[in-house]
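Report on one structure; see the data block that follows.
Everything numeric here is computed off the predicted structure, so don't read it as measured data. Proteins come first, then strands; the chains are lettered A, B, ... in the order of their sequence lines, and each starts at number 1.
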2 protein chains.
Amino acid sequence: MQAQKDAVQLLKHAGLRVTPQREAILQFLLDYDGHATVDDIYTSLQDRFPSMSVSTVYNTVKQLSQVGLVKEIGVGDGASRFDINVEPHHHLVCTRCGALFDFYLEEPIHLSVPPEAEGFEIEDYHVEVRGVCPRCKKQQVS
Amino acid sequence: MQAQKDAVQLLKHAGLRVTPQREAILQFLLDYDGHATVDDIYTSLQDRFPSMSVSTVYNTVKQLSQVGLVKEIGVGDGASRFDINVEPHHHLVCTRCGALFDFYLEEPIHLSVPPEAEGFEIEDYHVEVRGVCPRCKKQQVS
DNA sequence: GACCTAGATGAGAACGATTCTTAAATAAGA
DNA sequence: TCTTATTTAAGAATCGTTCTCATCTAGGTC
């Protein structure tokens with residue numbers, strides 16, 4: 001009840017219409033521990049919304065991300081993931097299994113904009129660290 | 001002649017068979033000023049290799065990147081881009097037009113691996129800075 | 001130079017993620 | 001309750017990429 005109200009309030013405050021589908025999708029992301037793909041959301045809500053289409057999930061997460069309620073993270077080549085953690089943070093990606101971990105930088109990056117991009121207006125940045133996660137490291141025989 | 005020899009030598013040293021298609025693709029990347037997509041390569045070589053298939057381009061760039069002759073950079077959602085600059089470097093991406101600029105970090109990043117990823121073995125990392133390039137900034141009225 | 005074989009190519013089918021299209025359904029203000 | 005601008009469902013369409021497989025060829029061997 002509590003949590004359900006949250007999703008509704010968040011949608012209202014964001015100026016989005018409250019529909020059952022949106023509420024469920026946002027709620028799912030609020031409860032989900034990790035970085036969900038559209039397919040995660042879609043299949044998880046199949047029971048409650050058997051007739052919901054994938055387009056609806058795409059539309060919804062796009063809107064949620066436009067109003068800043070979720071953050072889209074596109075690492076590597078696979079499907080985009082959606083993160084309820086909208087604070088600026090970065091990711092470790094396992095090149096073996098695709099697992100994703102959040103991390104925070106100890107201090108902001110320092111970069112020198114090259115001459116040909118003089119005047120580039122930085123909006124934000126994302127660091128993608130690639131490597132082998134502890135789980136996969138354990139599994140490899142070497 | 002000079003440049004052409006380079007591509008051949010690079011392929012040989014990498015232990016790859018030298019085929020006309022590979023030579024042309026690598027040469028194209030050597031000459032190309034920027035970050036080419038598979039489609040850039042494919043369409044640019046249509047004249048010289050009318051019967052070359054996209055698969056060949058995909059196969060070739062994949063191999064070139066496996067032997068370290070080029071670097072694949074996948075920013076945002078669109079097509080992967082291939083970069084003859086294999087030094088560790090990072091990218092500015094224009095969120096309006098998709099333009100891509102290289103940049104270098106003044107100093108390496110410092111990160112604290114989160115507890116749940118304890119033992120993560122870092123292979124490399126890539127910083128994607130998003131914003132508005134000078135050209136697009138000029139064009140927007142505001 | 002001719003021969004052999006692992007490896008490369010071309011053509012198109014297949015695939016996965018995402019977007020588009022359209023008609024029907026509905027949230028939310030009047 | 002009525003109205004209208006939004007949202008939805010369903011599936012077609014699109015885009016980038018991979019796969020399949022029959023044919024071809026680079027490059028070592030004789």
Side-chain angles (χ1 to χ4, degrees), chain A residues 4 7-26 28 35-67 69-70 72-82 98 100, chain B residues 4 7-26 28 35-67 69-70 72-82 98 100:
Chain A
Q4 213 168 31
V8 173
Q9 292 308 315
L10 287 168
L11 288 170
K12 282 192 179 165
H13 285 141
L16 294 177
R17 275 203 192 170
V18 178
T19 69
Q21 294 90 335
R22 282 186 182 167
E23 189 185 332
I25 291 169
L26 179 51
F28 176 83
H35 309 84
T37 62
V38 163
D39 195 60
D40 290 334
I41 303 170
Y42 177 66
T43 53
S44 298
L45 297 178
Q46 282 284 58
D47 292 344
R48 287 170 55 206
F49 297 86
S51 78
M52 184 170 64
S53 103
V54 275
S55 309
T56 299
V57 183
Y58 275 103
N59 288 337
T60 302
V61 292
K62 190 193 286 180
Q63 307 225 41
L64 292 177
S65 108
Q66 276 169 358
V67 300
L69 280 175
V70 306
E72 177 170 2
I73 52 185
V75 297
D77 33 350
S80 280
R81 291 163 176 280
F82 295 87
L100 210 59
Chain B
Q4 212 168 31
V8 173
Q9 291 310 314
L10 287 168
L11 288 170
K12 281 193 178 164
H13 285 141
L16 294 177
R17 275 203 194 170
V18 179
T19 69
Q21 294 89 335
R22 284 186 180 167
E23 188 185 332
I25 291 169
L26 178 52
F28 176 82
H35 310 82
T37 62
V38 164
D39 195 60
D40 289 334
I41 303 169
Y42 178 65
T43 53
S44 297
L45 297 178
Q46 282 284 58
D47 291 346
R48 288 170 55 205
F49 297 86
S51 78
M52 184 171 65
S53 102
V54 275
S55 309
T56 299
V57 183
Y58 275 102
N59 287 337
T60 303
V61 291
K62 188 194 285 180
Q63 307 225 41
L64 292 178
S65 108
Q66 275 168 358
V67 300
L69 280 175
V70 306
E72 176 170 2
I73 52 185
V75 296
D77 33 350
S80 281
R81 291 162 176 282
F82 294 87
L100 210 59

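Rounded to whole Å, atom P of D:dC15 lies 15 Å from atom CG of B:Asp40. The CG atom of A:Asn59 sits 10 Å away from the P atom of C:dC20 (whole-angstrom rounding). If you measure from atom CG of A:Asp77 to atom P of D:dT18, you get 7 Å, rounded to the nearest angstrom. Going from atom CD of A:Glu72 over to atom C1' of C:dT19 covers 13 Å, rounded to whole Å. Atom P of nucleotide C:dT26 and atom CG of A:Leu11 are separated by 18 Å, given to the nearest angstrom. C:dA27 atom P lies 12 Å from atom NZ of A:Lys12, rounded to whole Å. A:Phe82 has its CZ atom 11 Å from the C1' atom of C:dA17, to the nearest Å. Between the CZ atom of A:Arg48 and the C1' atom of D:dT8 there is a distance of 17 Å, given to the nearest Å.
Note on B:Gln21: a side-chain N or O is less than 4.0 Å away from OP1 or OP2 of C:dG10. Taking side-chain N and O atoms only, A:Thr19 has no distance below 4.0 Å to OP1 or OP2 of C:dT26. In this structure, B:Tyr58 does not reach the D:dT18 phosphate: none of its side-chain N or O atoms is under 4.0 Å from OP1 or OP2. Contact between the side-chain N/O atoms of B:Arg22 and the OP1/OP2 oxygens of C:dA8 is found at a separation under 4.0 Å. Contact check, A:Thr56 against D:dA9: a side-chain N or O comes under 4.0 Å of OP1 or OP2.
Between the side chain of B:Arg81 and the main chain of B:Ala36, no donor-acceptor pair closer than 3.5 Å is present. A distance-only check finds no donor-acceptor pair linking the side chain of A:Thr56 to the backbone of A:Met52 [under 3.5 Å]. Checking side-chain atoms of B:Arg22 against main-chain N and O of B:Arg17 turns up a donor-acceptor pair under 3.5 Å.
Heavy-atom distances to DNA chain D give each of B:Val18 and B:Asp39 a nearest nucleotide, and the one nearer the 5′ end belongs to B:Asp39. Of the residues near DNA chain D, B:Gly78 and B:Arg17, the one whose nearest nucleotide (by heavy atom distance) lies more toward the 5' end is B:Gly78. Where B:Ser51 and A:Pro20 meet DNA chain C, the nucleotide closest to each residue was compared, and B:Ser51 sits on the side nearer the 5' end.
A:Ser80 comes within 4.0 angstrom of sugar-phosphate atoms only, judged by non-hydrogen atoms across all strands, and of no base.
When side chains are defined from C-beta on, A:Thr60 does not count as touching A:Gln21, because their heavy atoms never get closer than 4.5 Å.
For C:dA11, the base has a donor-acceptor partner in the side chain of B:Ser55 [N/O atoms by modelled type, under 3.5 angstrom]. Side-chain to base pairing of B:Thr37 with D:dG16: no donor and acceptor N or O lie closer than 3.5 Å to each other.
For B:Ala79, counting side-chain heavy atoms from C-beta on, the closest listed nucleotide (D:dT8, C:dA17, D:dT17) is D:dT17.
In the model, B:Glu72 has a side-chain atom that pairs as donor or acceptor with a side-chain atom of B:Ser80 under 3.5 Å.
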